[in-house]
Amino acid sequence: MSLLAVAGLTKRFGGVVANRDVSFDVRPGELVGVIGPNGAGKSTLFDLITGVLRPDAGDVRLDGRSILGQRPDEIACLGVARTFQKLRPFPEMTVVENVMIGAFQKTSDVAAARAASLRALEAVGLADRAEAYARALSTGQRKRLELARALATGPRLLLLDEVTGGVDQATVPALVRLVRELHARGLALIVIEHNMRVIMEIAERIVALQLGEVIARGTPSEIMQDRRVIDAYLGEAWRA
Amino acid sequence: MGCVYALIAAGLSLIFGLMEVVNFAHGEFLMLAMYVAFFAWALARLDPLVSLPLAALALAALGWATYHGLIRRVLGGPMLAQIFATFGLAVFLRSGAQFLWGVDFRTIKEPLLSGRLSVGGVFVGLPQLAASVLALGAFLGLYLFLSRSETGLALQATAQDRQAAALMGIDTDRMFALGWAIGSACVGVAGGLLAMFFYIFPEVGGAFALLAYVTVALGGFGNVPATLAAGVIVGLTEVVAGLVITPAMKYAVVFLLYLAVVLWRPQGLFGRF
Amino acid sequence: MKRAVLLLLFLAALAFPVVFTLPFPRHVMIMIFLYGALAVAWNILAGYCGQISLGHAVFFGIGAYTSTLLVAKGQLTPWLGMAAGAALAVLVSQLIGYPVFRLRGHYFAIATIAVGEIVQTLVINWDWAGGARGLFVPIKRPDSVVNFQFHQSKAVYYYIALGLLLLALAVTRWLERSRHGYYFRAIREDQDAAASLGVHVAREKHRAIAVSAALTALGGTFYAQYVFFIDPESVFPLSLSILICLIAVLGGVGTLWGPVLGAAVLVPLSEGTRVWLGGTGKALDLLIYGGLIMVIATLQPAGLMGLARRFRRAP
């Protein structure tokens with residue numbers, strides 16, 4: 001059975017359709033990539049899955065049970081964690097305190113949460129900045145922080161909105177390695193990514209969106225040969 | 001009354017929409033405008049209707065000065081600093097008025113317009129009617145200015161996205177100052193109109209300002225036409241509540257209405273968030 | 001070092017009434033403790049949880065009215081009234097929270113003002129509870145702890161107020177170190193991000209306002225038993241809500257000691273100017289007060305704690 005099943009999701013903002021009839025599955029331990037040009041509705045899709053937005057039609061099922069209408073925090077408690085495209089650390093809290101908010105999912109003991117958070121920071125390579133204020137971090141460090149925070153909740157499914165976006169080239173390989181490690185440990189992930197080389201490399205399956213609709217889905221090699229994807233997205237991306 | 005509320009609230013809404021600062025001294029601005037009208041009458045025998053431009057100008061100057069002297073310094077600061085800067089100004093102006101002019105209630109006697117008019121069996125005071133019409137007129141003028149003139153559009157652009165506006169070559173600092181001047185001028189007009197039929201005393205602004213906040217929040221911050229609609233709703237609610245329940249409770253009913261709306265639409269009736 | 005300073009301060013606070021036997025210095029200290037406690041309580045909701053309430057006078061008034069009504073109409077000891085007031089304040093806070101916590105930023109602040117005005121209007125029009133005229137706390141002699149009345153000396157009030165402040169500080173300290181303290185701060189920083197990590201935002205906000213309201217209500221009861229007269233103008237006004245907030249802001253929001261520091265500076269200042277300049281009907285004290293607020297807001301938005309921190313960092 002699939003871990004997450006998205007079926008016929010539709011969301012309109014006024015007259016604009018952000019998502020139209022979007023369907024796909026994520027199996028346990030699978031890494032699914034979501035691609036599409038800006039404004040294709042990728043982040044909206046994440047907001048629909050995590051309960052930030054309510055779809056106008058369609059269903060989201062986790063372990064076969066609908067999670068529609070549940071609050072974001074309830075969905076997080078079910079084991080779905082996310083990062084934000086526009087990074088949202090808690091700036092006036094220290095790095096480790098940021099992560100502790102996630103870690104309290106697993107334990108209500110402060111000392112235990114702190115220990116778990118330090119381990120999560122270790123995992124993303126940010127342990128040396130644990131006592132710094134989050135506002136003092138660079139963009140790359142903030143990405144790691146968000147990742148650590150989401151991981152600390154102990155998720156079964158992790159939604160990553162742009163792993164490498166806005167990060168300097170030198171940091172990209174480390175972040176990619178990190179995502180691969182998580183995947184290798186059996187975590188299921190949905191990854192939105194603009195860097196085509198990266199996503200083709202790490203994803204097992206890819207869903208391509210354009211103007212809110214799924215125009216193709218399949219393995220990276222299938223996607224690379226799909227006419228519509230090439231026309232809509234890859235073409236310009238390759239050329240650019 | 002709803003129209004006058006709307007005008008008071010429009011000034012507040014304009015300033016908020018522009019820079020996300022709530023002017024907690026708005027009621028005191030109103031009070032000052034009323035004193036301007038009063039002294040124009042007491043010293044120069046000018047009727048409030050005649051001195052209306054004077055009140056508007058004086059308040060515009062005050063708004064401009066407030067922006068440059070106070071608001072600019074807290075613009076980048078936390079919301080609390082902004083609240084307190086304008087709140088401090090409110091206390092300062094209110095006690096300043098008390099210091100200079102005492103706590104006495106003053107009224108303008110023998111205004112140009114007086115008496116009442118019977119409209120379908122309901123008596124309406126002539127000054128009140130004139131105030132509504134003029135407030136509506138001022139509101140329309142404001143709306144046209146914002147939506148038609150180049151400066152008005154520049155103001156709106158600044159409100160939408162200050163960085164983008166700055167990149168387009170709009171002097172946002174000047175726009176902010178202008179916003180404060182115009183927003184305050186609205187209160188100036190409202191104050192001049194109110195002075196025709198309302199007592200004038202240092203604390204007069206308080207009740208009006210509270211209603212203005214609720215009006216703006218009800219309409220949705222920064223949305224000027226919505227403020228008019230909300231102003232009319234608030235005015236009507238007040239009258240109906242005063243008639244049906246008891247005059248003493250009318251403001252409580254207005255506030256309760258706001259809370260009820262909030263349950264249903266947190267962003268206000270017409271707000272987008 | 002820090003412990004030693006605190007211990008010294010505590011001992012000084014205990015010894016104060018022994019050294020200063022005149023009513024006025026004691027009165028000023030009592031006011032510092034009372035307003036300090038109120039600001040500390042406000043700070044739990046506003047400073048830590050980021051929900052800037054401008055309607056806290058509601059809870060203060062509930063505390064004052066509940067105990068006074070129970071004393072005047074039910075012959076109950078104010079101590080029971082104090083507990084009842086706190087419980088009622090918690091109940092009301094939960095009801096208020098339901099609409100207002102849907103709002104953010106300025107909308108929230110304005111909605112809390114609206115709530116404050118509604119409650120004040122209701123009490124003004126509630127004749128059984130004295131209406132606009134207010135209520136007197138029936139004087140009982142001789143002084144007794146049970147009656148919560150001490151006419152001979154302010155010393156007992158002094159220690160009760162000190163206890164109130166210490167209680168508020170202890171609760172804050174405890175929250176700061178618990179899971180909820182972390183949640184509160186996360187909600188202040190970014191409530192959507194907090195929700196994405198599994199924080200039940202609404203429940204945590206309700207928790208914060210409950211604690212804050214209860215502590216504020218305790219202060220209200222104390223005030224009633226100290227002044228012996230309450231009316232809607234003195235215990236429910238918007239200006240009280242704002243004063244509480246101002247004290248905390250002056251000292252530094254979101255810090256344990258900030259509100260106490262703010263009270264220690266502002267209360268003597270306002271009591272002093274009131275005695276020296278007030279009463280002339282010229283509102284000169286308020287004029288200075290208003291000017292001072294503007295100066296603080298423009299020069300030091302992080303409050304005195306921010307200033308202190310900067311000094312500590314500088315060398």
Side-chain angles (χ1 to χ4, degrees), chain B residues 16 20-22 24-25 69-74 76-100 102-103 202 206-207 210 213-214 216-217 221 246 248-256 258-263 265-268 271 273, chain C residues 46-47 50 52 54 96 98-122 124-125 131-132 237-239 242 245-246 248-250 253-254 280-303:
Chain B
F16 181 86
E20 306 208 338
V21 173
V22 173
F24 278 91
L70 189 64
I71 304 305
R72 220 155 61 142
R73 297 169 204 275
V74 292
M79 184 179 124
L80 270 171
Q82 297 166 0
I83 290 181
F84 277 105
T86 57
F87 177 74
L89 182 66
V91 174
F92 187 77
L93 292 177
R94 196 185 316 147
S95 47
Q98 198 181 334
F99 184 69
L100 291 172
V103 287
L210 280 177
Y213 302 139
V214 171
V216 175
F221 270 106
T246 147
M249 301 287 275
K250 61 185 183 182
Y251 294 130
V253 174
V254 171
F255 294 136
L256 214 55
Y258 170 61
L259 290 181
V261 169
V262 155
L263 270 175
R265 275 185 74 87
Q267 69 275 47
F273 249 161
Chain C
I52 296 168
L54 295 178
I96 292 172
Y98 194 61
V100 298
F101 282 143
R102 290 161 179 252
L103 305 171
R104 299 182 185 197
H106 290 100
Y107 286 89
F108 176 83
I110 286 172
T112 55
I113 294 180
V115 170
E117 293 300 305
I118 292 172
V119 173
Q120 192 183 17
T121 312
L122 287 177
I124 287 174
N125 290 285
L238 174 61
S239 56
I242 288 178
C245 169
L246 181 71
V249 173
L250 173 67
V253 288
T280 55
K282 286 294 195 180
L284 199 61
D285 52 333
L286 286 174
L287 199 69
I288 295 171
Y289 173 63
L292 195 70
I293 299 172
M294 283 193 283
V295 171
I296 294 164
T298 48
L299 296 184
Q300 191 43 255

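In the text below, chain A, chain B and the rest are named by the order of the sequence lines, each starting its count at 1.
- Residues meeting the ring pair (Phe, Tyr, Trp, His ring centres under 6.0 Å) test with C/Phe108, sequence neighbours left out: C/Phe101.
- Residue contact with chain B, scored on non-hydrogen atoms closer than 4.5 Å, involves the side chain of C/Leu238 exclusively.
- The ring pair (Phe, Tyr, Trp, His ring centres under 6.0 Å) check on B/Phe24 picks up B/Tyr213, with sequence neighbours excluded.
- In this structure, no portion of C/Ile96 lies under 4.5 Å from any heavy atom of chain B.
- Put simply, CZ on B/Phe255 and CD on C/Gln120 are 10.5 Å apart, with the number rounded to the nearest 0.5 Å.
- In terms of heavy-atom proximity, C/Met294 sits nearest to B/Leu70 at SD-CD2, 3.8 Å.
- In this structure, the portion of B/Leu210 lying under 4.5 Å from any heavy atom of chain C is its side chain and not its backbone.
- With a threshold of 4.5 angstrom between heavy atoms, C/Ile113 approaches chain B through side-chain atoms but not through N, CA, C or O.
- Between the CG atom of C/Leu103 and the CG atom of B/Leu259 there is a distance of 8.5 Å, given to the nearest 0.5 Å.
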